[in-house]
Amino acid sequence: MKKLFFALLAFAASITTASAQVEIGLKISPSITSLRAESPSDKAFKSDGSQFGFGGGLVVDYFFGENYAISTGLLLNGKGGTISYRDAASGQPISATQKFNMQYLQAPLTVKLFTNEVAPDTRLYFQVGGSLNVPIGTRINSSKFYTDPATNNETKASDHVLFFDADALASLGVEFQLAKTTKVFAGISYNRGLVDIDRYFEKTRDFRDITIKNSSVALDLGIKF
């Protein structure tokens with residue numbers, strides 16, 4: 001019983017210590033985003049251009065060791081890109097393009113690993129994990145509505161995109177201690193979409209084996225308090 005008491009006491013102390021090692025901050029992330037598109041050869045879906053995106057939000061690092069942290073937060077990020085494909089619904093083959101602009105609310109969950117100081121008050125970090133993402137706004141060709149050139153049917157742009165997405169995330173960067181509890185950081189991150197976000201071509205147009213996924217490379221700039 002005495003051993004159990006001391007074990008519980010040590011566990012409670014570790015929780016108290018860990019709770020004091022939470023760092024909260026803000027970051028902004030200008031990015032280059034694109035869509036990875038695949039299909040059978042007759043439809044010829046492909047990526048047809050990237051675009052500039054911008055995001056940012058709250059970051060939270062929960063340290064469970066001096067050099068190890070669970071990193072999460074709540075971010076608003078822009079994603080999208082241009083895809084092209086072939087269509088023959090009207091009997092005459094045509095080449096069509098769609099430019100997607102999407103806003104996602106993201107909840108990352110990653111492990112962040114820090115080096116020891118590589119220069120005074122300076123550490124490198126490496127981050128790996130994923131994020132769950134929910135679209136909160138979608139435009140196709142700068143409009144909230146899309147008229148299919150092959151069928152002339154109009155649909156909401158938001159109906160073209162799946163209601164959730166998930167990314168694999170990897171990043172590296174540098175963190176500099178400005179004051180006792182103030183740090184700034186800069187890094188590069190890569191988000192690779194894991195989920196086929198298409199809700200239109202297979203569901204509405206009855207195309208087969210169409211895959212559209214998000215990708216982005218971002219410059220992360222932030223401050224922690």
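The structure presented is a predicted model; accordingly, all values stated were derived computationally and were not measured. Sequence positions, counted from 1, serve as the residue numbers for this chain.
- A distance of 6.0 Å or more separates the ring centres of Phe207 and Tyr200.
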Go through Ser215 and Tyr190 one step at a time and tell me if the side-chain contact (heavy atoms from CB on, under 4.5 Å) criterion holds. CA-CA 8 Å; Ser215 290; Tyr190 174 59; 4.0 Å; yes

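- With no hydrogens or angles considered, a side-chain donor-acceptor pair links Ser131 and Asn133 at under 3.5 Å.
- Side-chain atoms of Gln51 and Lys99, non-hydrogen and from C-beta on, do get closer than 4.5 Å to each other.
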For Phe225 and Ile24: C-alpha separation, side-chain torsions, deciding distance, then whether side-chain contact (heavy atoms from CB on, under 4.5 Å) applies. CA-CA 6 Å; Phe225 308 100; Ile24 300 175; 5.7 Å; no

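- Using bins of under 30°, 30° to 60° and over 60° for the plane-to-plane angle, the ring pair Phe185/Tyr125 lands in the perpendicular bin.
- Shown here is Ile188, whose CD1 atom has no more than 12 heavy atoms of other residues, nucleotides or ligands within 6.0 Å.
- Using a 4.5 Å cut-off on side-chain heavy atoms (C-beta onward), Lys224 and Val184 make no contact.
- Judged purely by distance below 3.5 Å, without hydrogens or angles, the side chains of Glu38 and Thr211 never pair a donor atom with an acceptor atom.
- Cation-pi geometry between Lys46 and Tyr85 is not met: the NZ or CZ atom fails to fall both under 6.0 Å from the ring centre and inside 45° of the normal.
- Looking at every heavy atom in both residues, Thr33 comes nearest to Gly78 through CG2-O, 3.5 Å.
- Annotation: Tyr68, atom OH; neighbour count of heavy atoms from other residues, nucleotides and ligands within 6.0 Å does not exceed 12.
- A continuous path of hydrophobic side-chain contacts links Leu26 to Tyr62 [ILVMFWY only; heavy atoms under 4.5 Å].
- For Asp167 and Lys79, the salt-bridge test passes: some basic side-chain N is under 4.0 Å from an acidic carboxylate O.
- Between Leu76 and Gln103, some side-chain heavy-atom pair lies under the 4.5 Å cut-off.
- Not one N or O on the side chain of Asn77 forms a donor-acceptor pair closer than 3.5 Å with the backbone of Tyr104.
- A donor-acceptor pair is defined here as one N or O able to donate and one able to accept, closer than 3.5 Å; such a pair exists between the side chain of Thr110 and the backbone of Ser71.
- Of the options Leu74, Leu132, Leu75, a side-chain contact (heavy atoms from CB on, under 4.5 Å) to Leu105 is made by Leu74 and by none of the others.
- With respect to Arg208 and Glu202, no salt bridge is recorded, no charged nitrogen being found less than 4.0 Å from a carboxylate O.
- Under the 4.5 Å side-chain heavy-atom criterion for Ile, Leu, Val, Met, Phe, Trp and Tyr, Ile70 and Leu113 are members of the same hydrophobic cluster.
- With no hydrogens or angles considered, no side-chain donor-acceptor pair links Asp48 and Thr97 at under 3.5 Å.
- The pair Arg205-Asp87 meets the salt-bridge criterion, since a charged nitrogen lies less than 4.0 angstrom from a carboxylate oxygen.
- The backbone N or O of Asn153 lies less than 3.5 Å from a partner atom in the side chain of Thr151, making a donor-acceptor pair.
- Residues Lys156 and Lys144 form no side-chain contact, since every pair of their non-hydrogen atoms from C-beta on lies 4.5 Å or further apart.
- Ser216 contributes atom OG, which lies 12.0 Å from atom CZ of Phe52 (distance to the nearest 0.5 angstrom).
- Aromatic ring centres of Phe201 and Phe45: separated by under 6.0 Å.
- Of all non-hydrogen atoms in Ile210 and Pro40, the two that sit nearest each other are CD1-CD, 4.3 Å.
- Thr122 places a side-chain N or O within 3.5 Å of a backbone atom of Pro120 that can act as its donor or acceptor partner.
- Side-chain atoms of His160 and Thr138 form no donor-acceptor pair, as typed in the model, at a separation below 3.5 Å.
- Taking a 6.0 Å sphere around CD of Glu154, one finds it holds more than 12 heavy atoms contributed by other residues, nucleotides or ligands.
- A donor-acceptor contact closer than 3.5 angstrom is absent between the side chains of Asn214 and Arg36.
- Linking Ile, Leu, Val, Met, Phe, Trp and Tyr residues whenever their side-chain heavy atoms come within less than 4.5 Å leaves Val59 and Leu219 in two separate clusters.
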I'd like to know whether Met102 forms a side-chain contact (heavy atoms from CB on, under 4.5 Å) with Val161, so could you lay out the CA-CA distance, the side-chain angles of the two residues, the decisive distance to 0.1 Å, and finally the verdict. CA-CA 9 Å; Met102 299 169 287; Val161 176; 3.7 Å; yes

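- No hydrogens or angles considered: a donor-acceptor pair under 3.5 Å links the side chains of Tyr146 and Gln98.
- Checked for salt-bridge contact, Lys112 and Asp61 meet the test: a charged N lies under 4.0 Å from a carboxylate O.
- Counting heavy atoms from C-beta outward, Leu35 and Ile197 have side chains that approach closer than 4.5 Å.
- Screening Ser31, Ser171, Ser189 against Asp220 for a side chain to side chain donor-acceptor pair (under 3.5 Å) leaves a single residue, Ser189.
- Looking at Thr72, its side chain does come within 3.5 Å of a backbone N or O of Pro108 through a donor-acceptor pair.
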Run the side-chain contact (heavy atoms from CB on, under 4.5 Å) check on Arg123 and Gln177 step by step: do they pass? CA-CA 9 Å; Arg123 299 197 295 175; Gln177 182 121 21; over 6 Å; no

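- When atom types are taken as modelled, the side chain of Arg86 and the backbone of Ser41 share a donor-acceptor pair closer than 3.5 angstrom.
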